[in-house]
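What follows is a single structure, written as structure tokens, with notes after it.
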Amino acid sequence: MIVTTTKLFQTAYGKFAVGAYNINNLEQTMGLFRGNLQSQAPFILQISKGARSYTHKTMLEGLIRSADDIFPESVFAVHLDHGDEETCYDCINSGFYSSVMIDASHEDFETNIAITKRVVDAAHAKGVVVEAELGMLGGVEEHVAVEEADAKLTDPDQALEFVERTGIDSLACAIGTSHGAFKFSGTQGLRFDVLEEIQKNLPGFPLVMHGSSSVPQEEVKRINDAGGKLLGAKGVDADQFKRASELGVTKINIDTDGRLVWTRVHREFFNEKPENFDLRPPGKVFMTAYADFIAAKNVYLGSAGQLEKIREILG
Ligand code: 13P
């Protein structure tokens, strides 16, 4: 069942975070739905601009609608990740997306507000909810590339004004994480002090943490042992998700970790079976590995086991 994030966030607030996972293809879609049912978790399925053009946006929509039929117990939001204004309108008008993110965080404060407000007005008119970002995460994510020096933490005082003037439904905060597999290049970690200030200014308001892949070292080692070159890759300690959710984070974005699972499975598979050239055997291994990864991640997020309650609330 496709839902907006409103009820998910109300239920989660202060207690757990809903996992927001990016998909690009059939195998990720199957693994994602299986893993969330395995762990009985509601979830947010994220589609980036890059994913929409990888095959075709209509292909992704078809995959997700089919998955919804195949796994009727599932409860999830369909969310545009890091949208520009034009892509947001396309998703809002499609009648398929239940949530969009407008990312104008690279603009100055007033321009960010103006663009975000336009998207909010269009989205709310169609019952779609909106996430927007204030501050700027470092790292690379598809078309979004921000040098560490340009990354900017969210200003807690501006956060209140931003939310009030735009009417958004959730706020993506920059609190020290970055996109990709190479986080925390300096000595900084998660800035819970900043998050605490934001929550003080916006009590009860759903916050979002981007750049939250854990980049498991075991996964990185296996990739490198199988011929990869991911040197110095590191991520967010998943044990910190609980503290973040207590401070108002209701959505945690994870994309890179899924790519690492894909890379590890395929590198190992073809290393072990160099004579093989069929795409289905590694695809099967990946779907199972990705489902297991999602189920395990949901335990850290606290969303595992919440599905029944959410279904009751949604009626
Ligand atoms: P990661 O690169 O840490 O997975 O972050 C993904 C993300 O924030 C998507 O918006």
Side-chain angles (χ1 to χ4, degrees), residues 1-10 18-26 28-29 32-33 42-72 74-107 110-134 141-144 162-172 179 205-206 208 210 250-251 253 255 310 314-315:
M1 180 182 9
I2 299 175
V3 299
T4 68
T5 50
T6 311
K7 287 266 166 52
L8 299 183
F9 290 166
Q10 275 167 8
V18 183
Y21 301 103
N22 291 64
I23 62 141
N24 297 272
N25 64 10
L26 161 78
Q28 273 184 315
T29 309
L32 179 64
F33 278 76
F43 63 103
I44 297 166
L45 183 155
Q46 304 209 119
I47 303 171
S48 68
K49 213 177 142 179
R52 278 161 57 87
S53 61
Y54 169 59
T55 48
H56 193 284
K57 60 185 181 182
T58 310
M59 178 66 85
L60 277 182
E61 188 176 325
L63 273 178
I64 296 159
R65 287 197 194 278
S66 300
D68 195 20
D69 285 347
I70 297 166
F71 304 101
S74 301
V75 173
F76 61 102
V78 177
H79 175 77
L80 169 70
D81 191 25
H82 290 286
D84 53 31
E85 197 172 359
E86 191 191 333
T87 312
C88 282
Y89 295 143
D90 193 55
C91 292
I92 292 163
N93 293 328
S94 72
F96 175 59
Y97 288 70
S98 59
S99 174
V100 294
M101 176 192 188
I102 172 68
D103 183 359
S105 60
H106 48 283
E107 304 282 358
E110 287 300 326
T111 313
N112 190 357
I113 287 181
I115 295 171
T116 302
K117 174 90 176 71
R118 285 200 293 271
V119 171
V120 167
D121 290 345
H124 286 180
K126 300 245 169 156
V128 174
V129 293
V130 180
E131 170 187 329
E133 180 168 327
L134 183 67
E141 205 202 14
E142 300 188 347
H143 63 290
V144 187
F162 187 74
V163 168
E164 281 179 350
R165 287 178 60 194
T166 56
I168 53 171
D169 303 277
S170 60
L171 178 70
H179 292 119
F205 191 79
V208 178
H210 280 243
T250 54
K251 172 175 180 272
N253 285 15
D255 180 10
I310 288 282
L314 293 166

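For the numbers below, each heavy atom of this structure counts, side chains included, while hydrogens, waters and symmetry mates do not. Since this is a predicted model, take the numbers as computed values, not measurements.
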Distance in Å, Leu80 CG paired with Phe96 CZ, rounded so as to fall on 0.5 Å steps:
12.0 Å
Taking the side chain from Ser98 and the backbone from Ala77, do they hold a donor-acceptor pair closer than 3.5 Å?
no
Looking at every heavy atom in both Phe162 and Glu133, which two are closest together, and how far apart are they?
CZ-O, 4.1 Å
OH of Tyr54: more than 12 outside heavy atoms within 6.0 angstrom?
no
Side chains of Val163 and Ile168 in contact at under 4.5 Å (non-hydrogen atoms)
yes
Check: Asp255 and Gln46 side chains under 4.5 Å, non-hydrogen atoms:
no
Other residues, nucleotides, ligands: >12 heavy atoms within 6.0 Å of Met1 CE
yes
Only pairs at least two apart or in different chains count here, so list each salt bridge (Lys or Arg N to Asp or Glu O under 4.0 Å) that has a residue in residues 121-130.
Lys117-Asp121
Who pairs with Glu61 by side-chain hydrogen bond (donor to acceptor under 3.5 Å, both in side chains), at least two apart in sequence or on another chain?
Arg65
Would you say the side chains of Asn253 and His179 form a donor-acceptor pair under 3.5 Å?
no
Please name all residues satisfying ring-ring contact (aromatic ring centres under 6.0 Å, His included) with Phe76, sequence neighbours left out, ordered by chain then number.
Phe33, Phe43
With rounding to the nearest 0.5 angstrom, report the CG to CD1 distance, Leu63 to Ile47.
9.5 Å
Is any side-chain heavy atom of Arg165 closer than 4.5 Å to one of Glu110?
yes
Where the side chain of Asn24 meets the backbone of Ser48, is there a donor-acceptor pair that is under 3.5 Å apart?
no
Ile23 versus Ile64: any side-chain heavy-atom pair under 4.5 Å?
yes
Apply the test side-chain contact (heavy atoms from CB on, under 4.5 Å) to residues Thr5 and His79: give CA-CA distance (whole Å), side-chain angles for both, the deciding distance (0.1 Å), then the verdict.
CA-CA 9 Å; Thr5 50; His79 175 77; 5.7 Å; no
Using modelled atom types only, decide if a donor and an acceptor are shared between the side chain of Thr116 and the backbone of Ile113 within a distance under 3.5 Å.
no
Minimal heavy-atom distance between Ile102 and Asp84, with the atoms involved, is CD1-C, 3.7 Å
Might you work through the side-chain contact (heavy atoms from CB on, under 4.5 Å) test for Val208 and His210, ending with a clear yes or no?
CA-CA 6 Å; Val208 178; His210 280 243; 3.7 Å; yes
Using only atom types and a distance under 3.5 Å, with no angle test, would you say the side chain of Asp103 pairs donor to acceptor with the backbone of Gly83?
no
Can you confirm whether Asp169 sits close enough to His124 that some side-chain heavy atom of one is under 4.5 Å from a side-chain heavy atom of the other?
yes
Output, in order, the C-alpha distance, side-chain angles, deciding distance and verdict of side-chain contact (heavy atoms from CB on, under 4.5 Å) for Arg52 and Cys91.
CA-CA 10 Å; Arg52 278 161 57 87; Cys91 292; 3.3 Å; yes
Stepwise side-chain contact (heavy atoms from CB on, under 4.5 Å) check, Leu8 with Thr250:
CA-CA 8 Å; Leu8 299 183; Thr250 54; over 6 Å; no
Could you grab the distance from atom CE of Met101 to atom OG1 of Thr87, nearest 0.5 Å is fine?
12.5 Å
Over all heavy atoms of both residues, which pair between Asn112 and Ser105 is shortest? Give the atoms and the distance, please.
ND2-CA, 3.7 Å
Looking only at heavy atoms, the pair that brings Phe205 and Leu171 closest together is CE2-N, 3.6 Å
Among Val78, Leu45, Ile92, the one residue meeting side chain to side chain contact (heavy atoms under 4.5 Å, CB included) with Tyr97:
Val78
